[in-house]
Amino acid sequence: MQRMKAAAGSVLISDREIRDRVAEMGARISDDYRGRAITVIGILKGSFIFIADLIRQVDPAIPVELEFMTVSSYGSGTTSSGKLHIGQDIESPVEGKHLLIVEDIVDTGLTIARICDLLASRGAASIRIATLLEKETRRGHPLTLDYIGFRIPDKFVVGYGLDFDQRYRNLKEIRVFDGG
Ligand code: IMP
């Protein structure tokens, strides 16, 4: 039987670095939302581990509601298809709520821009964006990212929830994908 390769490529961000940074992001979010309830909109699938870690770093005194949206724009390649496909939509109305959209990675910004437009049209009171990663070379779609974990080079990365063709989500760290 052929042995499967254990990892995808070289480590870009270690699990320790991720843990420390996520704790800092949670502390900032707690400061910013003091006295208000947050509705976290998690963008699946890639952000599921980040969301789980991030919301546990938010002060328990702040009420946190959680909703999920499933979107895809990459198919099985390593470049954005340019088309946003919404699979599962959120279940509750967002009117009058303070939304924190949580993304795994912002590359072109297309996905997050479309989601912001959609949620704004539904009457959210405020919308902020938290992303674990932002590619430094981000093209097009000017938009403000309120909480950014790490800015990374324009490489395709996997691990800590991020996949290549549905693989490598279970890595604890983030690695540059080397083609498998
Ligand atoms: P954007 O619409 O170009 O900003 O792409 C955002 C989405 O593409 C993310 O939510 C990811 O699902 C996916 N994506 C972009 N870059 C990567 C990467 O390097 N690794 C894994 N997924 C990525």
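Counting starts at 1 for both ligands and their atoms, in listed order. Keep in mind the model is a prediction, meaning the values are calculated, not measured.
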Exercise. Hey, does Phe156 come in under 3.5 Å of ligand 1, counting only N/O atoms on both sides?
Worked result: no
Exercise. Which one holds for Leu162 and ligand 1: side chain close, backbone close, both close, or neither close, with close meaning a heavy atom under 4.0 Å?
Worked result: side chain
Exercise. Is a donor on one side and an acceptor on the other found under 3.5 Å between the side chain of Glu67 and the backbone of Glu91?
Worked result: yes
For this session: Pick whichever of Val106, Asp165, Leu44, Thr108 has a heavy atom sitting closest to atom 1 (P) of ligand 1.
Result: Thr108
Exercise. Is there a heavy atom of Lys45 sitting under 4.0 angstrom from any atom of ligand 1?
Worked result: no
Name the atoms and distances for all side-chain donor-acceptor pairs under 3.5 Å in residues 42-52, with sequence neighbours left out.
from: Lys45; atom 1: NZ; to: Gln166; atom 2: OE1; distance (Å): 3.3
from: Ser47; atom 1: OG; to: Ile43; atom 2: N; distance (Å): 3.4
from: Ser47; atom 1: OG; to: Ile43; atom 2: O; distance (Å): 2.5
from: Ser47; atom 1: OG; to: Val102; atom 2: O; distance (Å): 3.4

For this session: Taking atom types as modelled, find out whether Asp32 and Tyr147 have a side-chain donor-acceptor pair closer than 3.5 angstrom.
Result: yes
Exercise. Going by the atom numbers of ligand 1, which of them fall below 4.0 Å from some non-hydrogen atom of Lys155?
Worked result: 19 (O)
For this session: Using the six-membered ring wherever Trp is involved, compare the ring planes of Tyr168 and Phe177 and label them parallel, tilted or perpendicular (cut-offs 30° and 60°).
Result: tilted
For this session: Heavy-atom contacts with Asp163 under 4.0 Å: which atoms of ligand 1 show up? List them by number with element.
Result: 21 (C)
For this session: Go through ligand 1 atom by atom and flag the ones less than 4.0 Å from a non-hydrogen atom of Ile105.
Result: 6 (C), 9 (C), 10 (O), 11 (C), 14 (N), 15 (C), 16 (N), 17 (C), 18 (C), 19 (O), 23 (C)
Exercise. Just checking, any donor-acceptor pair under 3.5 angstrom between side chains of Asp15 and Tyr160?
Worked result: no
For this session: Classify the contact between Lys135 and ligand 1 as side chain, backbone, both or neither, using a heavy-atom distance cut-off of under 4.0 Å.
Result: side chain
For this session: Check ligand 1 against Leu110 and write out every atom of the ligand that is under 4.0 Å from a heavy-atom position of the residue.
Result: 2 (O), 4 (O)
Exercise. Can you tell me if Gly46 has a non-hydrogen atom under 4.0 Å from ligand 1?
Worked result: no
Exercise. Under 3.5 Å, N or O to N or O, is Asp104 touching ligand 1 that way?
Worked result: yes
Exercise. In chain order, what residues pass the salt bridge (charged side-chain N to carboxylate O under 4.0 Å, His left out) check against Asp20, with sequence neighbours excluded?
Worked result: Arg16
Exercise. When you measure from the side chain of Gln57 to the backbone N and O of Leu54, does any donor-acceptor pair fall under 3.5 Å?
Worked result: no
For this session: May I ask you to check if Arg36 and Tyr33 form a cation-pi contact, with NZ or CZ under 6.0 angstrom from the six-membered ring centre and within 45° of the axis?
Result: yes
Exercise. At a 4.0 Å cut-off, with the gap strictly under it, does some heavy atom of Ile43 reach an atom of ligand 1?
Worked result: no
